[in-house]
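Here the structure comes first, spelled out in structure tokens, and everything after it is commentary.
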Amino acid sequence: MDRFRLKNIMIFILLLLNGFLLFSLAQRREAQRDAFRRTAEQLVSLFEEDGMALDVDAISRDDPPPGVALARDTALEERAASFLLGEALAASDQGGGIYHYAGPAGEALFRTGGVFEASGTLAGEDVEDFCRDFCRTFSYDAPERMEGDGVFTAPAVFNRLPVFNCSVSFTVEGGVLTAVAGTLLPEGGTASPPEEEPLSAAGALVAFQRMRRESGVVASTVADTRLCYELQTAGAAMSLAPVWRIVTDTEDYYVNCRTGAVTAGGARAGDGTA
């Protein structure tokens, strides 16, 4: 058998093998779609029996990300202090994990767990642009449209997902930014994959419905399910747990992807509402 003929036979075998693998993959995906469709239909029926409307399209197919272990970043905190207070900073360690910064625009305190507060004349002109620049620089979503005086809040973002219980607030008085407070997340962390399969959106909806039956929560529609993070702190330790945000017509609820625990939260992360 000449080399040319042998080469053609090998190519033909490879094409057959690739075709078989593609067919097998297509069958697997179709089986997954069928399983999801059946689960979704069962969930819709379950919610209807309890007097709630659930659209099939509201059930996300996304896979939850792993949790993230965070470590305090004092260099990042100093950068944030410099942004708010000006370049000529005076820094001091107050003990107990508290760092104090003073600058031309005012002073700031950064504590264990990323909690911080700054006050002074932080911005007197282009206040909205200043606040939006701070959010872009330190991983917060854009605040709601800032008009006049008041307190304006923006949720934190990590790896493109909102952190529903972590935010920054800007206080504007007389057209001047007088205070900024919130929680500053480190820019990176260490992934902590779950030991067990995390809850899917369907599993989170089952956990939510169980909680609703037990507590008598008033809601008539589930409009969406979205992935986000929950900030968890224990002393100096910080971590982000993946959670499902369940959007209802009355309030948002957050279901931990690992434990199934359900938390109510009126604030809608990512929508620019407080």
Side-chain angles (χ1 to χ4, degrees), residues 21-68 141 155-167 191-232 239-274:
L21 291 175
L22 288 173
F23 177 73
S24 176
L25 180 61
Q27 279 190 318
R28 182 180 302 177
R29 288 180 175 175
E30 183 60 29
Q32 290 174 340
R33 283 193 292 267
D34 287 342
F36 178 85
R37 190 180 305 113
R38 289 193 299 271
T39 299
E41 290 172 351
Q42 291 170 357
L43 275 174
V44 170
S45 297
L46 174 67
F47 274 69
E48 284 180 349
E49 290 174 1
D50 282 350
M52 284 196 71
L54 171 64
D55 192 323
V56 171
D57 293 334
I59 307 173
S60 174
R61 297 171 183 252
D62 294 336
D63 295 323
V68 183
D141 206 349
V157 177
F158 190 90
N159 286 346
R160 300 183 180 180
L161 290 178
V163 184
F164 84 86
N165 61 339
C166 181
S167 62
S192 54
E195 297 180 359
E196 299 180 358
E197 188 73 18
L199 282 179
S200 64
L205 285 165
V206 171
F208 163 73
Q209 190 66 345
R210 184 184 306 117
M211 180 278 299
R212 178 176 176 269
R213 287 175 175 175
E214 294 173 353
S215 61
V217 165
V218 178
S220 60
T221 303
V222 172
D224 202 0
T225 53
R226 308 173 192 173
L227 284 168
C228 58
Y229 283 112
E230 176 186 11
L231 175 63
Q232 298 180 335
S239 62
L240 294 173
V243 297
W244 284 103
R245 173 189 172 193
I246 298 178
V247 181
T248 76
D249 56 322
T250 57
E251 191 173 11
D252 290 353
Y253 294 86
Y254 299 88
V255 183
N256 188 294
C257 292
R258 295 185 178 181
T259 67
V262 183
T263 302
R268 297 195 166 181
D271 288 349
T273 55

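- Residues Pro64 and Leu227 form a side-chain contact, since some pair of their non-hydrogen atoms from C-beta on lies under 4.5 Å apart.
- If you take CH2 on Trp244 and CD1 on Ile59, they are separated by 10.5 Å, rounding to the nearest 0.5 Å.
- Counting all heavy atoms, side chain and backbone alike, Glu251 lies closest to Ala264 at OE2-CB, 3.8 Å.
- When all heavy atoms of Ile246 and Ala204 are compared, the pair lying nearest together is CD1-O, 3.7 Å.
- Residues Phe208 and Val222 have side chains in contact (heavy-atom distance under 4.5 Å, counting atoms from C-beta outward).
- Between Arg258 and Pro66 the shortest heavy-atom distance is NH2-C, 4.4 Å.
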Test side chain to side chain contact (heavy atoms under 4.5 Å, CB included) applied to Val243 and Val255, step by step: CA-CA 5 Å; Val243 297; Val255 183; 6.0 Å; no
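- The line from CD of Gln209 to CD of Glu214 is 11.0 Å long, rounded to the nearest 0.5 Å.
- In this structure, the side chains of Cys166 and Tyr229 stay at 4.5 Å or more apart for every pair of heavy atoms.
- Between the side chain of Asp249 and the backbone N or O of Thr221, at least one donor-acceptor pair lies under 3.5 Å.
- With hydrogens and angles disregarded, a donor-acceptor distance shorter than 3.5 Å links the side chain of Thr225 to the backbone of Ser60.
- Formation of a donor-acceptor pair under 3.5 Å by the Thr248 side chain with backbone atoms of Thr250 is found in this model.
- Atom-to-atom distance recorded for Met211:CE and Thr263:OG1 is 9.0 Å, nearest 0.5 angstrom.
- Remark: Asp63 pairs with no residue by the salt bridge (charged side-chain N to carboxylate O under 4.0 Å, His left out) rule, at least two apart or across chains.
- A donor-acceptor contact shorter than 3.5 Å is absent between the side chain of Asn159 and the backbone of Leu161.
- Taking SG from Cys228 and CZ from Phe158, the interatomic distance works out to 14.0 Å, rounded to the nearest 0.5 Å.
- Residues that satisfy the salt bridge (charged side-chain N to carboxylate O under 4.0 Å, His left out) test with Arg213, not counting sequence neighbours, are Asp50.
- Judged by distance alone, with hydrogens and angles left aside, the side-chain atoms of Asn165 form no donor-acceptor pair with the main-chain N or O of Glu230 at under 3.5 Å.
- The distance from atom CG of Asp224 to atom CG of Asp55, rounded to the nearest 0.5 Å, is 9.5 Å.
- Atom-to-atom distance recorded for Phe47:CZ and Arg212:CZ is 8.0 Å, nearest 0.5 angstrom.
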